[in-house]
Q: 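Got a structure for you, written out below as structure tokens; questions coming shortly.
Every chain is numbered from 1, with letters handed out A, B, ... down the list of sequences.
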Amino acid sequence: MPSPDALTRGQKVKLSRLARDLLDWASEHGRTFPWRDDGVSTYEKIAVEVLLQRTTATAVSRFYGAFFEKYSGWSELASAEVEDLEQFLKPLGLWRRRAVALIGLARYARDRNGSFPEHQSEHSEIPAVGQYVSNAILTFQHGQSLPLIDVNMARVIERFVRPRRLADIRYDPWLQDAAKWFVRGRDSAFRSWAILDFAALTCKARKPECPTCPVRRRCSYFAGTKQAVADR
DNA sequence: AACTCGGGGAG
DNA sequence: CTCCCAGAGTT
């Protein structure tokens, strides 16, 4: 008997079509960020994820050049003075936590020549590495096909397919499976970026732009809003 | 499961 | 003014 929280066949089909449509959407409307460019080092790809935590991507994009000019590699970041790094991070917010996190992560990486473990189970001891950054490491350094699950991806999947049942996205097995299914295949990072961009530009938290949404006809959230209007 | 960190932008 | 942002660590 299947787990009550397993992905159903219908949900898989729905997510596959959503992935196809959002990749098309992103080819025209997707955002451009320096950390997505070809040739960006693994150091920058992983370290920037800490800058992005609970922070708008546009804010980080303005900050990006100065940060990686000042801290050009794991060893430079590892040997940074905490107070100096804190001051530098202040305009971005979360500066006390982030300074400690970045230095801890950098020292871990420096001591291993920038090479992170290939399995999630070994990531639990790494500073600043949780569910999201762990998947980023496995994706960008080890070529695995894993989703970058943040509030954006969670919101789109939950609106489009099924409302959330657990409070914390880190411990929702259904969401984890749905997100993995969504990005499965080659170039999973492009699929993650597509749904993140779609979430930021169209399926917004505060005021989603359903009237112009390309996938509204198959969206359960849009169906719900239509019903709510009809009931009025 | 609920709190906390935090400045800046959007509504 | 309130809400939100490519989360993670702590209680």
Q: With the threshold set at under 4.0 Å for non-hydrogen atoms, list the residues of residues 82-89 of chain A touching DNA chain C in residue-number order.
A: none

Q: Taking the P atom of each, how far is C/dA6 from B/dC3, in whole Å?
A: 23 Å

Q: Ring of A/Trp181, cation from A/Arg184 - is the NZ or CZ under 6.0 Å from the centre and inside 45° of the axis?
A: yes

Q: When you compare the side chain of A/Pro147 with that of A/Ile195, does any pair of heavy atoms fall below 4.5 Å?
A: no

Q: Before accepting this row, confirm whether a basic side-chain N of the pair A/Lys70/A/Asp84 lies closer than 4.0 Å to the acidic partner's carboxylate O.
A: yes

Q: Figure out the CD1/P separation between A/Ile126 and C/dA8, and round it to whole Å.
A: 12 Å

Q: Quick one: do the A/Gln141 and A/Thr42 side chains pair a donor with an acceptor below 3.5 Å?
A: no

Q: Taking only side-chain nitrogens and oxygens of A/Arg170, does any of them come within less than 4.0 Å of OP1 or OP2 of C/dG9?
A: no

Q: Please work out if A/Arg36 contacts a base, only the sugar-phosphate, or nothing of the nucleic acid, heavy-atom cut-off 4.0 Å.
A: base

Q: Between A/Arg155 and A/Asp168, which is nearer to the 5' end of DNA chain C once each is assigned its nearest nucleotide?
A: A/Arg155

Q: Find the distance A/Arg31:CZ to C/dC5:C1' and express it as a whole number of Å.
A: 10 Å

Q: Which whole-number value in Å describes the distance from A/Ile169 CD1 to B/dA2 P?
A: 15 Å

Q: Using a strict heavy-atom distance below 4.0 Å, which residues from residues 129-153 of chain A are in contact with DNA chain C?
A: A/Val129, A/Gly130, A/Gln131, A/Tyr132, A/Val133, A/Asp150, A/Val151, A/Asn152

Q: Would you mind building the protein contact string for nucleotides 4-11 of chain B? One character per nucleotide, 5' to 3', B for base within reach (heavy atoms under 4.0 Å), S for sugar-phosphate only, - for untouched.
A: BBBSSSB-

Q: Evaluate A/Arg216 against A/Thr202 for side-chain hydrogen bond (donor to acceptor under 3.5 Å, both in side chains), listing each step before the verdict.
A: CA-CA 11 Å; A/Arg216 67 181 180 279; A/Thr202 300; over 6 Å; no

Q: Would you say A/Arg17 has more than 12 foreign heavy atoms packed within less than 6.0 Å of its CZ?
A: no

Q: Cation-pi check, A/Arg162 to A/Trp174: give yes when NZ or CZ is under 6.0 Å from the six-membered ring centre and within 45° of the ring axis, no otherwise.
A: yes

Q: Without decimals, in angstroms, what is the distance between A/Tyr171 OH and C/dG7 C1'?
A: 10 Å

Q: If you measure from the P atom in B/dG8 to the same atom in C/dG9, how many Å do you get, rounded?
A: 25 Å

Q: Under a 4.0 Å N-O cut-off, is there an ion pair linking A/Lys204 with A/Glu209?
A: yes

Q: Quick one: A/Trp193 CH2 to C/dA6 C1', roughly how many Å, whole number?
A: 12 Å

Q: Look at all strands and tell whether A/Ala205 reaches a base, only sugar-phosphate, or nothing, counting heavy atoms closer than 4.0 Å.
A: sugar-phosphate

Q: Taking all non-hydrogen atoms of both residues, which atom of A/Tyr71 and which atom of A/Glu76 are closest, and how far apart?
A: CD2-O, 4.2 Å

Q: Do A/Asn135 and A/Gln120 have a side chain donor and acceptor closer than 3.5 Å?
A: yes

Q: Classify the ring geometry of A/Phe116 against A/Tyr108: parallel below 30°, tilted from 30° to 60°, perpendicular beyond 60°.
A: parallel

